[in-house]
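Note sheet for the following structure.
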Amino acid sequence: MTSKHLLHRRLLHALPIATATWNGRLWELSKHGQFSEALELYRQMLRSGESPNAFTFPFLFKSCAALSLPVPGAQLHGHVIRTGCGLEPFVLTSLITMYSQSNLIERARQVFDESPQRYLTVCFNALISGYAYNSRLFDAAALFSQMRQLNISFNSVTMLGLIPACNLPPHMSFGMSLHSCIIKFGLETESSVGNCLLTMYVKCGSIEFAETLFDSMPERGLISWNAMISGYAQNGLANKVLGLYQDMKSQGIHSDPVTLVCILSSCAHLGAHSIGRAVEREIELRGFGTNSFLNNALINMYSRCGKLGKARAIFDAMSDRTVVTWTAIMNGYGIHGQGEISVQLFDDMIRSGIKPDGAAFVSILSACSHAGLTDKGLSYFDMMKDKYLLQPRPEHYSCLVDLLGRAGKLDEAFGLIRSMKVKPDGAAWGALLGACKIHKNVELAEVAFNQVAELEPENVGYYVLLSNIYNEAGNLEGVLRVRVMMRNQNLRKDPGYSYIEHRGKVHLFLVGERNHPQIEKICRKLNELESLVDGLDDLKKNEGRSDELFNGTSVHSERLAIAFGILNSEPESEIIVIKNLRVCTYCHSFIKSVSKVVDHRFIIRDATRFHHFSDGICSCGDYW
DNA sequence: CTAGGGTTAG
């Protein structure tokens with residue numbers, strides 16, 4: 001201990017430090033999220049003989065809730081009773097909240113029931129919000145209705161506690177009834193309530209309701225914009241995210257880190273690399289460079305735009321890596337087919353003392369699958385169950401089916417599905433179906449398809465997959481059968497599409513696109529390119545033959561995007577195209593040949609993998 | 001008691 005510390009300690013003993021001073025320090029610590037330090041300071045306070053008062057406890061309960069420490073929380077509850085502070089409403093509410101957020105909601109209820117102060121609005125608010133925190137809409141709603149019956153007035157805080165209980169699609173109708181109630185009582189003008197409702201619609205997947213509400217809001221603050229932008233991002237509408245961001249800027253609203261996280265996430269989905277880079281510059285400029293949410297989003301954006309080196313540099317420079325950080329970088333190497341590095345990183349993560357969660361295991365399993373590291377993947381699956389005691393969820397099983405299936409172990413994959421403890425979902429059967437495509441097993445494909453068609457009858461992708469399997473096997477009768485099935489159910493294949501970014505805008509090409517302003521030039525360029533490369537004719541004969549049945553003959557979107565890219569990019573630059581479906585064999589050969597005769601490097605990212613093309617060499621982020 | 005955020009196959 002340094003002399004300075006000794007002096008400090010002596011002073012603590014020498015001077016009578018008033019409770020208020022201790023409380024002030026506790027306030028400082030809890031404000032800065034230093035919760036364990038706050039609890040330690042409290043112990044120090046007791047040792048020094050000072051007694052806590054009512055103002056002491058809320059900081060401590062907040063710390064226990066944040067650290068999920070129910071035992072010290074319960075001890076503190078004892079101190080509250082002994083010091084007679086339990087009648088102060090703000091002590092009571094923080095106590096209820098502490099129990100609610102420590103998986104002890106029943107204990108919270110007990111405290112509420114036993115308190116003579118329970119008829120206060122704030123106490124109802126605390127318990128309602130506790131039920132919502134524990135996803136118990138029914139109890140939260142019952143309490144609210146009790147409140148109404150007892151004629152206890154409610155306020156906007158009641159609503160801010162209750163609305164999040166409706167953040168799941170099946171609860172939206174109740175959420176809408178709350179919305180009516182809010183309007184009836186004139187609370188809709190409170191911006192916090194409006195924002196909370198907006199988020200509710202977003203989490204229920206009802207983007208139209210969210211848009212309507214957003215458009216009708218009288219005061220749209222930064223949080224409203226962020227809620228709407230993140231709503232688009234969470235519902236996969238990445239292009240709308242970028243559009244709304246433009247609107248926001250043009251109305252002079254300044255973004256903050258929350259906005260930028262959403263923008264980066266959308267850039268990642270769209271492969272919008274230069275927009276992403278502009279966001280990174282803005283992060284530097286505005287001094288957000290140490291925000292770990294932003295750094296995680298940057299790692300994800302760069303690795304999904306094919307810039308693994310940039311992603312790694314950001315990762316290496318970070319000092320506060322969480323499990324999300326590690327998952328982002330492992331996933332980056334995984335989608336690029338560099339599973340060995342993902343495996344190394346996983347082990348490094350464990351060595352650095354970070355526990356993997358379900359998402360981390362999804363990433364490492366799929367990384368192993370893409371790199372052909374079958375045994376390694378199997379051992380991670382066991383590790384997840386045995387060492388980390390995580391119950392495998394459906395997505396883990398489907399990764400494992402994919403892992404076994406790609407390795408050609410179709411029977412084992414089939415056996416795994418049948419031995420699953422949870423009911424196999426469409427994704428598990430779909431992964432088996434995908435493996436049957438790779439290994440040309442028509443019989444098992446039919447079994448898998450029948451299952452998946454029952455679970456996800458509307459998912460057109462599986463029909464197309466089966467049709468392609470039949471087509472490759474030369475079974476044209478099967479192809480026709482699939483077509484009839486689809487017609488009978490009124491299903492139509494979603495069009496294939498590709499994106500390419502150019503001058504800060506994302507250009508979308510549908511299969512057979514005719515409406516792009518440059519379409520004539522693009523088609524001329526395409527013809528010119530095709531005439532430059534040989535040996536494509538045979539492949540072209542087979543181009544997407546089964547697709548033809550669904551689309552008619554038309555030019556695949558990735559070739560349109562490539563031609564657009566060549567027309568509009570600087571020589572020797574990199575052209576990144578994102579495709580929603582798989583790149584077909586013909587397009588693959590086409591791009592490979594084109595990369596021999598032009599100066600560009602190409603990166604195509606499709607539904608699952610990366611393909612890097614340069615000088616006629618293709619390295620795939622996957623093994624075939 | 002109290003509104004918005006990052007990672008997850010096919």
Side-chain angles (χ1 to χ4, degrees), chain A residues 58 89-90 92-94 96-97 100 120-130 132 155-164 190-200 202 221-231 233-234 256-265 268 291-301 303 322-332 334-335 357-367 369-370 393-403 405 426-435 437 452 456 459 461-462 465 581-582 606-609:
Chain A
F90 56 85
L92 209 54
T93 53
S94 64
I96 290 170
T97 302
S100 302
L120 292 173
T121 299
V122 282
C123 291
F124 270 89
N125 288 356
L127 193 59
I128 286 174
S129 146
N155 55 24
S156 56
V157 181
T158 318
M159 288 305 170
L160 295 174
L162 189 50
I163 296 165
E190 297 248 4
S191 64
S192 56
V193 175
N195 294 333
C196 195
L197 281 168
L198 182 53
T199 304
M200 186 271 295
V202 163
L222 175 61
I223 294 184
S224 315
W225 285 91
N226 286 348
M228 195 65 233
I229 287 176
S230 88
Q234 287 168 41
D256 75 349
V258 178
T259 327
L260 299 179
V261 159
C262 297
I263 306 307
L264 285 173
S265 159
N291 181 311
S292 67
F293 276 62
L294 278 171
N295 280 313
N296 295 341
L298 280 171
I299 291 174
N300 184 44
M301 183 276 292
S303 58
T322 68
V323 67
V324 177
T325 317
W326 288 92
T327 302
I329 191 74
M330 287 191 299
N331 194 52
I335 54 184
D357 63 1
F361 276 107
V362 168
S363 280
I364 195 66
L365 288 172
S366 85
S369 175
H370 287 288
R393 281 182 275 129
E395 59 266 37
H396 298 110
Y397 281 109
S398 52
C399 281
L400 208 61
V401 169
D402 188 57
L403 180 88
W429 290 109
L432 185 63
L433 187 61
K437 165 102 172 25
V452 85
E456 292 180 33
N459 192 329
Y462 298 125
L465 202 49
L581 302 168
R582 278 161 192 260
D606 74 12
T608 54
R609 64 190 103 184

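Order of the sequence lines fixes the chain letters, A, B, ..., with proteins taken first and strands second; residue numbering starts at 1 for each chain. Below, each value reflects all heavy atoms present in this structure, side chains not excepted, and no hydrogens, waters or symmetry copies.
- A straight line from CG of A/Leu365 to P of B/dG10 spans 11 Å, rounded to a whole angstrom.
- In this structure, A/Ile329 places its CD1 atom 16 Å from C1' of B/dT8, rounding to the nearest Å.
- A/Asn296 has its CG atom 15 Å from the P atom of B/dG5, to the nearest Å.
- The phosphate of B/dG6 (OP1 or OP2) has no side-chain N or O of A/Asn300 nearer than 4.0 angstrom.
- The side chain to side chain contact (heavy atoms under 4.5 Å, CB included) test with A/Asp256 singles out one residue from A/Val261, A/Leu222, A/Asn291, and that residue is A/Leu222.
- Not one side-chain nitrogen or oxygen of A/His396 sits closer than 4.0 Å to the OP1 or OP2 atom of B/dG10.
- A/Thr199 comes within contact range of the sugar-phosphate backbone alone, with a heavy-atom separation under 4.0 Å but no base atom that close.
- Residues forming a side chain to side chain contact (heavy atoms under 4.5 Å, CB included) with A/Asn296 (at least two apart in sequence, or on another chain): A/Met318, A/Thr322, A/Val324, A/Thr325.
- Across all strands shown, A/Thr322 has heavy atoms under 4.0 Å from base atoms, whether or not it also approaches the sugar-phosphate.
- One finds the CE atom of A/Met330 at 11.5 Å from the CD1 atom of A/Ile299 (value rounded to the nearest 0.5 Å).
- Between the CE atom of A/Met200 and the P atom of B/dA3 there is a distance of 15 Å, given to the nearest Å.
- Here B/dT8 presents its P atom at 12 Å from CD1 of A/Ile299, a figure rounded to the nearest Å.
- A/Asn291 comes within contact range of at least one nucleobase, with a heavy-atom separation under 4.0 Å.
- Rounded to an integer number of Å, the gap from CG of A/Leu294 to C1' of B/dG5 is 9 Å.
- Rounded to an integer number of Å, the gap from CD1 of A/Ile229 to C1' of B/dG6 is 16 Å.
- Considering only side-chain atoms of A/Ser363, the nucleotide from B/dC1, B/dG5, B/dT8 that sits closest is B/dT8.
- No engagement by A/Glu456 is indicated, since no non-hydrogen atom pair under 4.0 Å with the nucleic acid exists.
- Between A/Arg393 atom CZ and B/dA9 atom C1' there is a gap of 12 Å when expressed in whole angstrom units.
- Residues passing the side chain to side chain contact (heavy atoms under 4.5 Å, CB included) test with A/Thr158 are A/Thr121, A/Asn125, A/Ile128, A/Phe144, A/Met147, A/Phe154, A/Asn155, sequence neighbours excluded.
- Distances shown here put a side-chain N or O of A/Ser129 below 4.0 Å from the OP1 or OP2 atom of B/dT2.
- When heavy atoms are screened at a 4.0 angstrom cut-off, A/Ala427 is found touching base atoms of the nucleic acid.
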